[in-house]
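Below is one structure, written out as structure tokens; comments come after it.
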Amino acid sequence: MHVPSPPLLEVRELVKIFGPVRANDGISFSVRPGEVHALLGENGAGKSTLVKSLYGVHQPDSGEIVIDGAAVELPSPAAARQRGIGMVFQDMRLIPALPVWQNIALHLTDTPWVMRPKTLKARIAELSQRYGLAVHPDALVEHLSIGEWQRVELVKVLLGGLRLLILDEPTSVLTPQEVGGLFEVVDRLRADGAAIVIITHKLREVRQIADRVTVLRGGRTVLSDAEPAQLTDEQLITAMVGEPVAALERRSTDASDAASPDPAIVRLENVSIRRPDGALGLDGVSLEVFPGQILGVAGVAGSGQDELSETILGLRQPVAGTVALDGAELALPAVRQARQAGIVAVASDPVQDFVIPGMSVAEHAALWFAEGRFRFDTRRADTQLRTRNGTAQLRAVAGNRRMDRLSGGNIQRVLLTLALTSTCRVLVASYPTRGLDILTTERTRTLIKELCDAGVAVVLVSEDLDELLTLSDRIAVLSGGELTGVVPAATADRQRLGELMAGGVAA
Ligand SMILES: Nc1ncnc2c1ncn2[C@@H]1O[C@H](COP(=O)(O)OP(=O)(O)OP(=O)(O)O)[C@@H](O)[C@H]1O
């Protein structure tokens with residue numbers, strides 16, 4: 001008979017309190033060596049707080065962290081690292097101006113030994129090779145993609161002699177291909193006997209990678225150390241949310257629905273956009289966006305999605321081609337005209353483009369409502385935000401919270417509450433459900449669908465192919481800045497989209 005190995009990590013009745021919030025309220029679960037353990041739960045359920053206690057960032061108020069059968073104190077991340085605990089954070093902490101090896105060397109300063117650059121580079125190369133983490137020690141971090149940043153973080157963690165790896169929503173910023181690569185690394189670590197704790201919102205990923213799963217709700221464990229194969233999706237969702245959540249049906253079932261009788265609101269003709277590095281970010285793209293339709297935009301990261309959105313928002317000046325709004329050609333950039341025409345955006349990188357450090361949620365709402373005019377009334381904005389919260393039901397946090405202290409999911413909820421309740425004719429939504437839990441994701445999709453049903457023209461940029469297939473009327477696929485196809489969602493499938501994303505030619 002197979003006897004399961006004793007746990008490497010046991011968490012017993014862990015409590016962590018922030019002021020009035022019991023972020024962790026008696027959490028218990030365990031992880032064995034050679035096991036991938038998924039932590040599930042809604043935004044704010046307490047997952048990040050829990051893993052930060054495991055990594056020595058937070059000190060629990062009560063409860064025990066037990067490693068190899070003995071209760072331990074983890075007063076700092078350095079103490080956690082000394083016990084072989086490594087963590088890759090949601091917001092990766094590298095210095096862009098330095099090469100990979102120096103970023104890693106900085107991380108090693110708390111170890112009692114110092115490696116010579118040559119030795120360190122050789123170790124990086126060896127680990128990259130062994131775990132399939134393609135990173136070059138001399139590459140400048142600012143030139144790396146998000147997936148590559150993450151690989152550097154993984155190498156950093158692996159160098160310390162890893163026993164327990166904590167991954168906080170590692171896939172929310174990755175393309176489907178990069179997720180595959182990350183999971184291969186996780187598989188190798190598991191085979192080497194490491195224990196892995198992974199936070200995710202995606203059931204598809206739990207099924208793909210996790211041996212066991214623990215679900216948190218409101219700071220408590222509602223399901224502990226369960227085997228995913230023994231549970232249905234509905235059971236997992238009910239554990240997370242407290243009630244079943246119906247997934248949206250695919251919108252378009254008939255390819256002929258995709259033809260719109262109304263004239264296009266936005267029309268791009270042969271538009272080319274140059275990036276700061278001189279390369280073409282968009283290369284001769286022609287597209288139309290119709291009222292009452294959702295145009296999905298698919299592509300691996302950096303294929304021209306941002307350039308396309310920013311062109312429609314009037315932010316970019318094409319080097320060739322024209323952009324027309326309601327049939328009239330625009331002299332770009334034309335931010336004001338785009339705004340006056342009722343174009344509203346959900347930014348692709350809200351932390352960069354939406355969050356203003358030091359300002360409250362209500363102040364952000366006031367800026368949003370002021371729309372560039374001198375009419376800044378925070379108290380009024382707070383009241384309006386509450387009303388919009390009631391309409392959107394995305395459970396955005398209270399107006400007095402500081403925006404830069406919120407989790408990615410909570411920032412996204414505020415942005416979506418503002419954007420999806422604004423009167424608009426065109427909505428450009430980039431990765432709207434990134435970092436959101438299941439309930440908020442479904443609610444966001446419903447709101448986008450309702451806007452479309454009310455006649456809004458929607459451009460939906462997403463890396464989630466299921467989301468694109470469920471919501472879109474047509475899906476435009478970008479590859480290397482070129483449009484490789486525009487297919488009716490009704491006749492598209494993951495494989496076809498994957499071929500076009502890889503640069504295939506539309507049939
Ligand atoms: N440093 C802090 N100070 C005050 N409150 C905090 C702090 N960190 C977290 N919280 C609160 O604790 C609760 C749990 O937050 P936590 O970030 O652990 O949730 P989560 O499950 O990781 O959410 P998400 O899926 O959005 O990342 C939330 O109400 C959050 O606002």
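Just so you know, ligand 1 is whichever comes first in the structure, and atom 1 is the first atom listed for that ligand.
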Could you check His201, Lys47, Arg413 and say which one makes a side chain to side chain donor-acceptor pair (under 3.5 Å) with Asp437?
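Answer after filtering His201, Lys47, Arg413: Arg413.
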Tell me the residues surrounding ligand 1, counting only those with a heavy atom closer than 4.0 angstrom, sorted by chain and number.
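Protein residues near ligand 1 are Phe18, Val21, Ala23, Glu42, Asn43, Gly44, Ala45, Gly46, Lys47, Ser48, Thr49, Gln90, Glu169, His201, Arg401, Ser407.
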Does Phe354 have any ring-ring contact (aromatic ring centres under 6.0 Å, His included) partners at least two apart in sequence or in another chain, and if so, which?
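By the ring-ring contact (aromatic ring centres under 6.0 Å, His included) rule, Phe354 matches His364.
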If every non-hydrogen atom of Pro77 is compared with every non-hydrogen atom of Gly56, which pair is closest and at what distance?
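The pair with the smallest heavy-atom distance is CD-O, 3.5 Å.
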Any side-chain donor near an acceptor of the partner, Tyr131 and Asp192, under 3.5 Å
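On atom types as modelled, these side chains qualify, holding a pair under 3.5 Å.
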Say whether Thr440 and Glu42, considering side chains only, have a donor N or O and an acceptor N or O under 3.5 Å apart.
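No, no side-chain donor-acceptor contact under 3.5 Å.
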Walk me through whether Thr49 and His58 qualify under side chain to side chain donor-acceptor pair (under 3.5 Å).
CA-CA 7 Å; Thr49 303; His58 292 323; 4.9 Å; no
